Amino acid sequence: MGANGGRYCSIDGRIAAQLKVRNRQSLQVHTFYQAKLPEEWLNITKQKELEVDGVKVKVWQEKGLLIGLAI
């Protein structure tokens with residue numbers, strides 16, 4: 001995936017980086033989020049898939065950060 005633009009946003013009142021990324025093979029654009037890992041998410045050990053306002057979002061943690069990819 002290649003980066004296509006970025007900005008900051010708010011997730012549950014917490015600041016997060018928001019990037020638009022494009023899959024180089026399918027050319028689909030996805031939104032990538034990165035924020036400080038909230039304490040209630042400390043026990044995430046593997047990737048989860050959630051639905052937020054009708055959008056599928058894959059979430060996981062990496063090096064103290066909460067990562068999300070809206071697909």
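Numbers for residues simply follow the sequence, beginning at 1. As the structure is a prediction and not an experimental result, all values here were calculated from the model.
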(message) Within this structure, what is the CD1-CD distance for the pair Ile11 and Gln18, rounded to the nearest 0.5 Å?
(response) 8.0 Å
(message) The test is side-chain contact (heavy atoms from CB on, under 4.5 Å); show your working for Phe32 and Ile67 and say whether it passes.
(response) CA-CA 7 Å; Phe32 177 89; Ile67 310 292; 3.4 Å; yes
(message) Taking Leu65 as the starting point, is it possible to reach Leu69 by hopping between hydrophobic residues whose side chains are less than 4.5 Å apart?
(response) yes
(message) Is there a continuous path of hydrophobic side-chain contacts, each under 4.5 Å between heavy atoms, that joins Tyr33 to Leu50?
(response) no
(request) Enter the distance from Glu62:CD to Gln47:CD here, rounded to the nearest 0.5 Å. (result) 10.5 Å
(message) Testing the basics here: between Ile71 and Val55, what is the closest heavy-atom pair and its distance to 0.1 Å?
(response) O-CG1, 4.0 Å
(message) If I take atom NZ from residue Lys36 and atom CD from residue Gln61, how far apart are they, to the nearest 0.5 angstrom?
(response) 13.5 Å
(message) Can you give me the closest heavy-atom contact between Gly68 and Val57, atom names plus distance?
(response) CA-CG1, 4.4 Å
(message) Taking CD in Glu51 as the centre, count heavy atoms belonging to other residues, nucleotides or ligands within less than 6.0 Å. Is the count above 12?
(response) yes
(message) What verdict does the side-chain contact (heavy atoms from CB on, under 4.5 Å) test give for Glu49 and Lys56, after you've listed the backbone C-alpha separation in whole Å, the side-chain angles of each residue and the deciding distance to 0.1 Å?
(response) CA-CA 7 Å; Glu49 193 169 293; Lys56 287 185 184 178; 3.4 Å; yes
(message) Measuring from atom NZ of Lys58 to atom NE2 of His30, what distance do you get when rounded to the nearest 0.5 angstrom?
(response) 9.0 Å
(message) Please find the pair of heavy atoms, one from Ile15 and one from Ala35, that lie closest to each other, and give the distance.
(response) O-CB, 3.8 Å
